[in-house]
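To start, the structure itself, in structure tokens.
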Amino acid sequence: VTPSPTSPDAPRLVKSIVVRTNRSVYQANAGTGKARATQATPIPNLFLAGCHTRQKYLASMEGAILSGKLAAEAVSEAEMHLAAEAV
């Protein structure tokens, strides 16, 4: 059970810091997206996820999350394909 935010037992922030990056930490060059691996691979039952894979939000948490979703979709599609072959 989570305590109420006003409860004396509620967690409280002790210290924080904000880090801002004024410039991007990577450089996106035209045509390099094709060099990134897709979530589905030629190896059966091997799927990839992470910001390093082919998706639209390069080098970011958003990209990693989207990549995980795309990997889950690839797993689901592969499973449906196997199920259809078994019929």
Side-chain angles (χ1 to χ4, degrees):
V1 176
T2 305
S4 160
T6 57
S7 166
D9 295 333
R12 63 185 182 85
L13 181 63
V14 176
K15 182 179 179 181
S16 69
I17 186 168
V18 175
V19 177
R20 293 192 176 138
T21 305
N22 293 330
R23 291 186 285 162
S24 182
V25 294
Y26 72 96
Q27 181 176 356
N29 295 323
T32 58
K34 294 176 185 172
R36 292 177 176 263
T38 58
Q39 285 70 30
T41 69
I43 301 169
N45 294 323
L46 178 63
F47 300 89
L48 304 175
C51 69
H52 59 281
T53 60
R54 194 177 302 169
Q55 39 74 30
K56 63 182 178 178
Y57 302 114
L58 305 179
S60 66
M61 287 300 297
E62 292 81 2
I65 292 167
L66 177 59
S67 179
K69 179 181 180 289
L70 295 172
E73 289 174 358
V75 169
S76 179
E77 287 175 21
E79 181 63 26
M80 286 190 295
H81 181 72
L82 286 174
E85 286 180 349
V87 173

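When a residue number appears, it is its place in the shown sequence, counting from 1.
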Minimum side-chain heavy-atom gap Thr41-Leu48 below 4.5 Å: yes
Spacing of Leu82 atom CG and Met80 atom CE [to the nearest 0.5 Å]: 11.0 Å
List, one per line, each side-chain donor-acceptor pair under 3.5 Å for residues 63-78, sequence neighbours excluded.
from	atom 1	to	atom 2	distance (Å)
Ser67	OG	Gln39	NE2	3.1
Ser67	OG	Gly50	N	2.9
Ser67	OG	Gly50	O	3.2
Ser67	OG	Thr53	OG1	2.5
Lys69	NZ	Glu73	OE2	2.6

All salt bridge (Lys or Arg N to Asp or Glu O under 4.0 Å) counterparts of Glu79, not counting sequence neighbours: none
Whichever hydrophobic residues join Leu46 through chains of side-chain contacts under 4.5 Å: Ile43
Whether Arg36 side chain and Cys51 backbone form a donor-acceptor pair below 3.5 Å: yes
